[in-house]
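Reviewing the structure listed below.
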Amino acid sequence: MAQKHRYNVSLPGHVADAVEKHAKRISAAPTEYAGHIIKWWFGQGCPPVTPDESELRRSRDIGEMMKRLKPLPADFSIWKLDPEVDYTITDAPVEKALKDLGIPNLFAQEKEHDAVRITVAFDNHPTHWLVFNFFKGSNMPDGDGLSMYGYSKSHVSRREMEQNLKKLGEEMQSASPIRFSQIPEIRKEAAWKSAT
């Protein structure tokens, strides 16, 4: 059994009153109920509880991601990504990745527009969350183009990715939330294996 730790906390009167009230309902001591609250917070993935903590975590996460970014290898394959590395690629390698995934025409219709930005995310790659972006006629610093971000599943949880996609949708002022799609090649491969 893990060693237990004790903490002394100071609470404003109205918060202490609420803890005592809810603890009494389940016949628990206030400190025991406060422990339940902390365990619940832990079960939620330890979300930040102050704006300062949110900003520090965001800065740290960006810093950690930058440490994991590596130059794109000459023999780059979307099916052989290093599970510990995050990837940021643009233009021709993205087109190759889409072709290897069996979706070379993912953004074909969008190319007809004068100004458009679309993001598609996939969650069924074996090692990475894949996010593809197509932008045209935008005021993006990189101009028009195509990009892909591969976030390592060993470093970024599904919950974190869903939060990232939600923020991205808000930044893009998307009419609908960005949700994960499925890479069709994986489904085809799985169907082929089950049929043989």
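Please read these numbers as outputs of a predicted model, since none were measured by experiment.
- Residues forming a side chain to side chain donor-acceptor pair (under 3.5 Å) with Arg158 (at least two apart in sequence, or on another chain): Asp123, Glu162.
- With sequence neighbours excluded, no residue satisfies side chain to side chain donor-acceptor pair (under 3.5 Å) with Lys21.
- In the hydrophobic clustering of ILVMFWY residues, with side-chain heavy atoms under 4.5 Å counting as a link, Tyr33 and Trp40 come out apart.
- A donor-acceptor pair under 3.5 Å is absent between the side-chain atoms of His128 and the main chain of Ile78, judged by distance alone.
- A distance of 3.5 Å separates CD1 of Ile103 from CZ of Phe122, quoted to the nearest 0.5 Å.
- Scored by the side-chain contact (heavy atoms from CB on, under 4.5 Å) test, Ile38 finds Trp41 as partners (sequence neighbours excluded).
- In this structure the side chain of Tyr87 reaches within 4.5 angstrom of the side chain of Asp82, judged on heavy atoms.
- In this structure, the side chain of His36 does not engage the main chain of Ala23 through any donor-acceptor pair within 3.5 Å.
- Using a 4.5 Å heavy-atom threshold, the side chains of Leu130 and Leu101 count as touching.
- In this structure, CG on Leu165 lies 8.5 Å from OG1 on Thr119, to the nearest 0.5 angstrom.
- Minimum interatomic distance between Val85 and Ser152 (heavy atoms only, all atoms of both residues): O-CB, 4.0 Å.
- Considering CD of Glu170 and CD1 of Ile178, their distance stands at 9.5 Å, rounded to 0.5 Å.
- A distance of 11.0 Å separates CG of Asn105 from NZ of Lys99, quoted to the nearest 0.5 Å.
- Listed by chain and residue number, Trp79, Lys80 satisfy the side-chain contact (heavy atoms from CB on, under 4.5 Å) test with Ser77 (two or more places apart in sequence, or in another chain).
- In this structure, Asn124 and Ser181 approach most closely via the heavy-atom pair OD1-O, 4.1 Å.
- Applying the side-chain contact (heavy atoms from CB on, under 4.5 Å) criterion to Ser157, with sequence neighbours excluded, gives Arg159, Glu160.
- The side-chain contact (heavy atoms from CB on, under 4.5 Å) test applied to Ser147 returns Thr90, Asn133, Phe135, Tyr149, not counting sequence neighbours.
- In this structure, Trp129 contributes its side chain and Met161 its backbone to no donor-acceptor pair below 3.5 Å.
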> Can you list the steps and then say if His22 with Ile37 is a side chain to side chain contact (heavy atoms under 4.5 Å, CB included)?
Replying inline: CA-CA 11 Å; His22 291 284; Ile37 293 169; over 6 Å; no
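- Across every non-hydrogen atom of Leu146 and Leu98, the tightest pair is CD2-CD1, 4.3 Å.
- Here the straight-line distance linking atom CD of Glu84 with atom NZ of Lys153 works out to 14.0 Å at 0.5 Å rounding.
- Every residue two or more places apart in sequence or in another chain was checked for a ring pair (Phe, Tyr, Trp, His ring centres under 6.0 Å) with Phe76, and none qualifies.
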